[in-house]
Protein chains: 2
Amino acid sequence: MKLAEARQQFVQSWGVLGSQWGINRTMAQVHALLLTAPGALCTDDIMEQLKISRGNANMNLRELINWSIVDRVIIAGDRKEYFQAEKDIWKVATRIMYQRKKRELDPMLKVLAALELVEGDKRNPDIKAFTETVGSIRKFAAQADKSMDTLIKAEENWFVNQFMKLMK
Amino acid sequence: MKLAEARQQFVQSWGVLGSQWGINRTMAQVHALLLTAPGALCTDDIMEQLKISRGNANMNLRELINWSIVDRVIIAGDRKEYFQAEKDIWKVATRIMYQRKKRELDPMLKVLAALELVEGDKRNPDIKAFTETVGSIRKFAAQADKSMDTLIKAEENWFVNQFMKLMK
DNA sequence: CTGAATTTTCAATAAAAAATGAAAATTATT
DNA sequence: AATAATTTTCATTTTTTATTGAAAATTCAG
């Protein structure tokens, strides 16, 4: 397979994977394009290569920057902004984890904690079923939350280092 | 908060969370309803409580059964089918993991392996950038794949047991 | 076997999400 | 300050995804 074709297929697949995980397909494709680019790209490069509008390119680039997995880059003597992706895949993973945790898991934990305080007699089987399920989900989510914090923070963590060694 | 209200809020929140992760909102809501029900429910219960059509209820129930997180249940002397959710949250998590791994991660791994075989001179910076990025993503994904297998399989696994103890 | 109850399918419709593109805003250059 | 280049916004349109509901298929009881 030629490089251009391989790159296109990566962009395509990354887009599909993203959309299956609730990430805008185009955002994932822009990310894929930047990940596999040897250098930084400008908005026009992205518009051209993905055949998308300026507005669309702009919005998705901004979102990738919000997620801290793409940076704006200044190129001397050029008025345009350029963009480049973080290529350390471990950093990419932890940053995505951090964003999703913050936006989704943390709010869900708050809700679950509140729901455990439901009124009524715990011997009522309906209430029992409810609080037991919600309680176990909350405990599970809280553990996941803690584990993610560990992964996100610790570059010096033993487990993480072992994991990273395997990746070279 | 009263039970009915709490339950409704759980259904609502679970639906939102699901849709953020690429799972049909209604499917997540049906799951939430069954998770917090004291017993099994039939299609009509679900239609009524979620205000959805029979076709919709049927499709989403089937999908939950495909995922092995909801079971069909026979109630003696009743012609209707009933449904109940697996309530062991660890089992639910590993089964969802298994399905998503199989449907999404495994195919992606195949694609990535193929893309690493791109033609051309490795000293070409474009090819170098591409294969390095794709290679590191593939290694990362392969490690995630292995880790998930461990979690999914091993009830006897030390790490998993530690994790589960914390959850009671 | 018959027919009533129940489940499943799927073409048509509705709802939700994403993309466009041109106008407005911002930024840099002379 | 004027203007040219670039970026951002957002109302409108398009595309994608989900839902409906009635017909067809299936299942079961007598």
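So that the names make sense, note that chain A is the first sequence line, chain B the second, and so on, each numbered from 1. All values below come from the heavy atoms of this structure, side chains included, with hydrogens, waters and symmetry mates left out.
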Notebook entry, point to check: So A/F10 and B/F130, would you call those rings parallel, tilted or perpendicular, with 30° and 60° as cut-offs?
Noted result: perpendicular
Note to self: So if I take every side-chain heavy atom of A/R79 and compare against D/dC28, C/dT27, D/dT9, which nucleotide ends up nearest?
What the structure shows: C/dT27
Check: Which pair of heavy atoms, one from A/V11 and one from A/A32, lies closest together, and at what distance?
Finding: CA-CB, 3.7 Å
Next item on the list: Check the distance between C/dA17's P and A/M27's CE and give it to me in whole angstrom.
Entry: 16 Å
Note to self: Determine whether a donor-acceptor pair (one donor, one acceptor, N or O, separation below 3.5 Å) exists between the side chain of A/R54 and the base of C/dT20.
What the structure shows: no
Notebook entry, point to check: Is the closest basic N to carboxylate O distance between A/R103 and A/E63 below 4.0 Å?
Noted result: yes
Check: Within the structure, does a side-chain N or O atom of A/R62 lie under 4.0 Å from either OP1 or OP2 of D/dT9?
Finding: yes
Item checked: Selection from C/dT7, D/dC10, D/dT19 that lies nearest to any side-chain heavy atom of B/N60 -> D/dT19
Note to self: Tell me the interatomic distance from B/E81, atom CD, to D/dC28, atom C1', rounded to whole angstroms.
What the structure shows: 12 Å
Next item on the list: By nearest nucleotide on DNA chain C, pick out whichever of B/R25 and A/K51 is the more 5' one.
Entry: B/R25
Next item on the list: Please determine if a side-chain N or O atom of A/N58 lies less than 4.0 Å away from the OP1 or OP2 oxygen of D/dT8.
Entry: yes
Notebook entry, point to check: Without hydrogens or angle criteria, can the side chains of A/S68 and A/R95 be said to hold a donor-acceptor pair below 3.5 Å?
Noted result: no
Margin query: For a quick check of understanding: with a heavy-atom distance under 4.0 Å over all strands, which category does A/N24 fall into, base, sugar-phosphate or nothing?
Written below: sugar-phosphate
Notebook entry, point to check: Rounding to a whole Å, what distance do you find between A/D78:CG and D/dT6:P?
Noted result: 7 Å
Note to self: The side chain of A/K80 is closest to which nucleotide in this list: D/dT7, C/dT27, D/dT17?
What the structure shows: D/dT7
Check: With sugar-phosphate meaning primed atoms plus P, OP1 and OP2, does A/N56 contact a base, only sugar-phosphate, or nothing at under 4.0 Å between heavy atoms?
Finding: base
Note to self: From CD1 of A/I65 over to P of D/dT7, roughly how many Å is that when rounded to an integer?
What the structure shows: 11 Å
Margin query: What is the distance, to the nearest angstrom, from the OH atom on B/Y82 to the C1' atom on C/dT6?
Written below: 12 Å
Check: Would you say B/T43 reaches C/dT6's phosphate, i.e. side-chain N/O to OP1/OP2 under 4.0 Å?
Finding: no
Checklist line | Distance, rounded to the nearest Å, where A/Q20 contributes CD and D/dT16 contributes P | finding: 15 Å
Next item on the list: Return the value, rounded to whole Å, for the distance between atom CE of A/M47 and atom P of C/dT20.
Entry: 9 Å
Notebook entry, point to check: Picking from C/dT6, D/dT20, C/dA17, which would you name as closest to the side chain of B/I52?
Noted result: D/dT20
Next item on the list: Measure from CD1 on B/I75 to P on C/dT6 and round the result to the nearest Å.
Entry: 13 Å
Next item on the list: Determine, for A/R54 against A/D44, whether the closest basic-nitrogen to carboxylate-oxygen distance falls under 4.0 angstrom.
Entry: yes
